[in-house]
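Computed from a predicted model, the values in this text were never measured in an experiment. Start at 1 and go down the list; that is how both ligands and their atoms are numbered. Values below: all heavy atoms of this structure, side chains included; hydrogens, waters and symmetry mates excluded.
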Amino acid sequence: MELTELWRAVLSELKDAIKKADFLVWFQGTNILKIDEGIAVIGLPSIFAKDWFEKRYKDLILEALKKHNDQIVELKFEIDSRMLTDSRGIDLRDLEKQTKKKIRKLPNRDEVSVGEDGATSKMLNPKYLLSNFVVGDDNRLAHAACCAVARQPGKAYNPLFVYGGVGLGKTHLLQATGNAVLQNYPDVQVVYGTAEKFTNEVVEAIRKSDTRNFQKKYRRVGCLIMDDIQFFANKGKTQEEFFHTINELYDGNKQIIFSSDRPPRELKGIAERLISRFEMGMIVDVSVPDYETRLAILQKKCQEREILLPNDVLEYMAFNCHNSIRELEGVLTQVVAQAKLQQVVPSLNDVQKIFRKLGNEQLQDYEQPRDKQRAITGEEVIEQIATYYKVPKSDLLGADRRRDILLPRQVCMYFLREEFNFSYEKIGELMGRNHTTAMHACQKIVDLLQVDRVVVRDIGAIKNSIGI
Ligand code: ADP
Ligand code: MG
């Protein structure tokens, strides 16, 4: 077997045993450089990786290699940073392509033309979903209202008015609702636009003396989402157009969703009749989420970006970034960029520097977390969770279906899946159940995480105690 081919085979096996984010970070650009007298020399792109491999992956790799070539008795690591760019190092994306099942994507309708003139005003970004919006006390109602609208557009709450400060998730919620309506009702024409864009279109229509086409275009819509309507302030003609548009849609039982930076009554420079319209349905607000929710959001964003950051770093960021989620994401982006550039896992110290650079002067006192050791075996995970919930491990593996045992059991399965990437079969085996039970349990927790604050808190606390 050729060396690269052998390494690919080994990686395909390791992939299932190692958490995905870790796998992607550490195995990019690696390969077997040579096998000499029973010693396999593995090329790694950084010294830091060497440390990590020595401590965590050496045995796993050796074991996997032996399966293919029983002459191999020992491993050595060699550093060469060029492996990341030259053809010796393996590119995991190729590996992924070969093995990956198709990811389910939203129907390919993220841009739909809504006028003969080819104007596209539906700009739904498929990355915004109701399911990846982290729910906390401060946005629970808004999220619930959006879910209700997505289930029954035009019936549940019409219009729906979401307000709150910048960077708190209004656009995310509006877009996610649009995506969900489309998914539930593929025939409904969903149009998302900002008030600014609407204004520009009105101006353009007036310039071309062609308001009729413009009106037709908006009034045919099945679900109109208008973001940042505070922008309509003092724009009389636009407000008039908008008023007629939403009246017509409303009368036709079409769903309308607005967002704004403040509640309807506090809007300045907006006509009274529009304000009354805004007030006719459901009004919900989003405000700054608490520390725990901010931490949960960070964890979710890391998961989405497939990166792994130490918990103390995430906690520090969540603690010190309390104005908006956009700001929080901005810091995360910086931290990740720096980590990639320097190829090291960022420490608390690095993150503090980034905060200072960003001009965040008043850093709060923050208790330094203790050193944590990551639990590695499935058994250990189960034990930790049993300890956390104060139930005997045997109960978790047993048949009792009372909630106070069922929930920890489901949490175990969820953890093994989400945090340790175990297959459902493997989870079933560990927990003495079949794989469909494991699958349902994981889904159950995923669902609960959307609505149940206690579960979110539990998961966060368990992660903490395991040190991930
Ligand atoms: P707004 O429109 O209120 O100014 P956005 O919707 O653009 O804010 O949110 C800013 C960023 O924060 C987006 O990337 C969004 O995904 C993220 N965000 C805000 N709230 C949440 C949440 N509860 N869960 C997940 N992501 C969130
Ligand atoms: Mg916005």
Side-chain angles (χ1 to χ4, degrees), residues 106 110 121-147 149-150 160-180 191-199 224-233 257-263 266-267 283-307 309 314 317-318 321-337 358 446-453 455-457 459-460:
L106 280 171
D110 49 349
S121 61
K122 183 167 150 293
M123 300 181 299
L124 286 179
N125 184 337
K127 84 171 185 184
Y128 293 121
L129 298 172
L130 288 170
S131 58
N132 66 13
F133 188 84
V134 178
V135 180
D137 280 347
D138 309 278
N139 56 26
R140 185 181 310 282
L141 186 60
H143 180 261
C146 288
C147 291
V149 164
L160 174 65
F161 191 103
V162 182
Y163 75 90
V166 283
L168 296 182
K170 300 184 297 295
T171 298
H172 185 136
L173 272 178
L174 262 57
Q175 289 249 351
T177 310
N179 280 323
V191 168
Y192 166 91
T194 61
E196 186 176 4
K197 184 156 191 290
F198 189 90
T199 308
L224 177 67
I225 304 173
M226 194 56 61
D227 210 350
D228 290 324
I229 51 106
Q230 72 276 3
F231 190 83
F232 285 144
I257 311 174
F258 306 113
S259 86
S260 150
D261 64 351
R262 65 200 72 186
E266 288 174 25
L267 284 164
I283 301 174
V284 290
D285 76 314
V286 287
S287 51
V288 183
D290 53 28
Y291 164 75
E292 288 81 359
T293 312
R294 296 201 298 273
L295 187 57
I297 291 174
L298 270 181
Q299 284 164 347
K300 186 121 207 164
K301 300 283 172 193
C302 285
Q303 228 176 32
E304 280 168 11
R305 297 181 188 199
E306 295 184 335
I307 42 171
L309 292 179
L314 293 180
M317 285 158 62
C321 237
H322 30 68
N323 295 323
S324 89
I325 304 304
R326 186 169 303 142
E327 181 186 287
L328 195 61
E329 269 201 289
V331 176
L332 179 66
T333 304
Q334 292 262 342
V335 172
V336 171
L358 293 174
V446 169
D447 293 344
L448 276 178
L449 282 172
Q450 295 300 317
V451 292
D452 192 333
R453 219 174 138 56
V455 176
V456 174
R457 191 204 57 201
I459 302 266

Would you list the protein N, O or S atoms within less than 2.8 Å of the Mg ion (ligand 2), leaving out water? T171 OG1

Side-chain heavy atoms of D228 within contact of E196, under 4.5 Å: no

Donor-acceptor pair between D227 and T194 side chains, under 3.5 angstrom: no

What are the two closest heavy atoms between F258 and L174, and how far apart are they? C-CD2, 4.1 Å

Is there a side-chain contact between V288 and N323 (heavy atoms, below 4.5 Å)? no

Minimum heavy-atom distance I325-L168, with the two atoms named: N-CD2, 4.3 Å

Nearest heavy-atom approach of H143 to L130 is NE2-O, 3.1 Å

Measure the shortest side-chain to side-chain distance between I297 and K301 over non-hydrogen atoms and say whether it is less than 4.5 angstrom. yes

Starting from the N and O atoms of ligand 1, collect every protein N/O partner closer than 3.5 Å and put each pair on its own line with the distance to 0.1 Å.
unit_1   : atom_1 : unit_2 : atom_2 : d
ligand 1 : 2 (O)  : T171   : N      : 2.8
ligand 1 : 2 (O)  : T171   : OG1    : 2.8
ligand 1 : 3 (O)  : L168   : N      : 3.1
ligand 1 : 3 (O)  : G169   : N      : 3.1
ligand 1 : 3 (O)  : K170   : N      : 2.8
ligand 1 : 3 (O)  : K170   : NZ     : 2.9
ligand 1 : 4 (O)  : G167   : N      : 2.6
ligand 1 : 4 (O)  : R326   : NH2    : 2.8
ligand 1 : 6 (O)  : K170   : N      : 3.4
ligand 1 : 6 (O)  : T171   : N      : 3.1
ligand 1 : 6 (O)  : H172   : N      : 2.7
ligand 1 : 7 (O)  : R326   : NH2    : 2.9
ligand 1 : 8 (O)  : L168   : N      : 3.4
ligand 1 : 8 (O)  : G169   : N      : 3.0
ligand 1 : 8 (O)  : R326   : NH2    : 3.4
ligand 1 : 12 (O) : E329   : OE1    : 3.4
ligand 1 : 14 (O) : E329   : OE1    : 2.3
ligand 1 : 16 (O) : H172   : ND1    : 2.6
ligand 1 : 16 (O) : K301   : NZ     : 2.9
ligand 1 : 23 (N) : V134   : O      : 2.8
ligand 1 : 23 (N) : N139   : ND2    : 3.4
ligand 1 : 24 (N) : V134   : N      : 2.8
ligand 1 : 26 (N) : K301   : NZ     : 3.1

Between H172 and F133, what is the ring plane arrangement, given parallel below 30°, perpendicular above 60°, and tilted in between? perpendicular

Ion pair E329/R305, N-O distance below 4.0 Å: yes

